Amino acid sequence: MPAITFIHPDGKSDRVETAGGESVMQAATRHGLDGILAECGGNAMCATCHVYVDESWLARLPAMAGDEDALLDGTAAERRPTSRLSCQITITPDLDGLVVKLPERQV
Amino acid sequence: MTASGAAGSGVPHLDVDPFDMRFLADPYPAHELLREAGPVVYLDKWNVYGVARYAEVHAVLNDPATFCSSRGVGLSDFKKETPWRPPSLILEADPPAHTRTRAVLSKVLSPTVMKQVRDRFAEAAEARVDALLQMRNFDAIADLAEAYPLSIFPDALGLKPEGREHLIPYASVVFNAFGPPNRLRQEAIERSAPHQAYVAEQCQRENLAPGGFGACIHAQVDEGAITANEAPLLVRSLLSAGLDTTVNGIGAAVYCLARFPDQWSRLRDDPSLARGAFEEAVRFESPVQTFFRTTTREVELSGAKIGEGEKVLMFLAAANRDPRRWDRPDSYDITRRTSGHVGFGSGIHMCVGQLVARLEGEVMLTALARRIAKIEITGEPKRRFNNTLRGLDSLPVTITPA
């Protein structure tokens, strides 16, 4: 199964094995990772599963829908060009090795 | 309340009335019965299917093409009966119509907007605690759970000062009306005329202050997103679902924190847990207990065959305490990972005002935790009965300043 690396704001990292068909957010919450809140449970409604995607991976991700784009304007930590909502990234085999950074805060 | 196996279908038929006063007074034993009887049950009293386990509730919520909302999210089937009021353009609608109206309310209540109103909401919460510290002994429902949202939400909407006393009674009618034609529903609708008249009036553009959520909805008419006829009905959605729900949410949180002093002291030690404490109260008490859907086709759900045009009752509160999904489901734990609870629903109809609710809950609990050492219940809490909403009518408490 594809693995994802989450880098915390303090530089420490967690490598997480993912299950088939889940989102980056679901992988994080299933492993009890701090730093992803996902208050709306993955419905693209709250912007509390914000991540900064490692630049080398950005182009390989599924395209951003309009609602995700709008929500990212309201994230608690600053929005950057690499910002995504992790609930909107479904993990596929070609994302094995994906690296995302967690923001300082989600609310 | 008994469970009996139905001949043939495999779906257990239960003799449970989830809108009966005894059920509403203490739903937990019946919730367990409903959950354990099977993934799908049939309630003979109202001729509806029911789902009370997390997996099935979540599945129904996330399949709006099969389990539609446009035929009403209460017991009444809009295809067979005339709704008691013009249907909601968002709650009682399906895609693609729903997609357009939903986008408008999502925009008006977005995380970006919440950042703009946060300070104002937090100041009002501090002002409420000032008042409570003066009182020391008070009713945590009237003086806190109602008083705080009333001090901030009608202004945020842009409502006139006059007539606001209609807001909670109107919402109470709306949520009673999702239930069956029992006494709660009949009496609520019989008394609803003045509340309906007030709400219809307030939804008009000229009655909504500039800059408020209401005016922002009407501004979407100028953008071409909705028509001038649709805007008042979308404002009505905020008047219906934006106040009483947060009253019951905040009431639930205070009731939990007063009952479980160990959780209160954790919150006192770290007020940054306030948002989680509120969210966990929404899971634990589930202020919105139930909603219905109607099947658009024959469907098989966890082995149960359900025909077209059947009402399916989702027990959100039972799903939020399903031991298949939650560890120690009957414990209120402010550090629990609550993501995925269905207290705000799930899927395309998930509460569009959830960010407002969380903001109000967070800032109110933060203010309480910073300035109050102790909350003690001093009298018997009284329940407020509603076909859909769970909450208290009164909760006498005394507080000790920090």
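Side chains are part of it too, since the values below use all heavy atoms of this structure and drop only hydrogens, waters and symmetry mates. As the structure is a computational prediction, the values presented were derived from the model and not from experiment. In what follows, every chain begins at residue 1, and chains take the letters A, B, ... in the order their sequences are listed.
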Proximity breakdown for [X] and chain B, heavy-atom pairs closer than 4.5 Å:
X     : value
A:A76 : backbone
A:L37 : backbone
A:C49 : neither
A:D73 : both

When A:G42, A:G41, A:C46, A:C40 are compared by non-hydrogen pairs under 4.5 Å with chain B, the top option: A:C40

Top of B:M114, B:E279, B:Q354, B:M350 for chain A proximity - count of heavy-atom pairs under 4.5 angstrom: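 Among the listed options, the one with the most contacts to chain A is B:M350.
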
For chain A, the option from B:H341, B:R337, B:K115 that forms the most heavy-atom pairs under 4.5 Å: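 Option with the top pair count is B:R337.
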
Ion pair [X]/[Y], N-O distance below 4.0 Å:
X      : Y      : result
B:K107 : A:D67  : no
A:D69  : A:R84  : no
A:E78  : A:R80  : yes
B:D330 : B:R321 : yes

Heavy-atom neighbours of B:D327 CG exceed 12 at 6.0 Å: no

Residue B:S346 versus chain A: region with a heavy atom under 4.5 Å: both

Pairwise side-chain contact, B:L234 with B:I226, heavy-atom cut-off 4.5 Å (strictly under):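 Answer yes - side chains close enough.
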
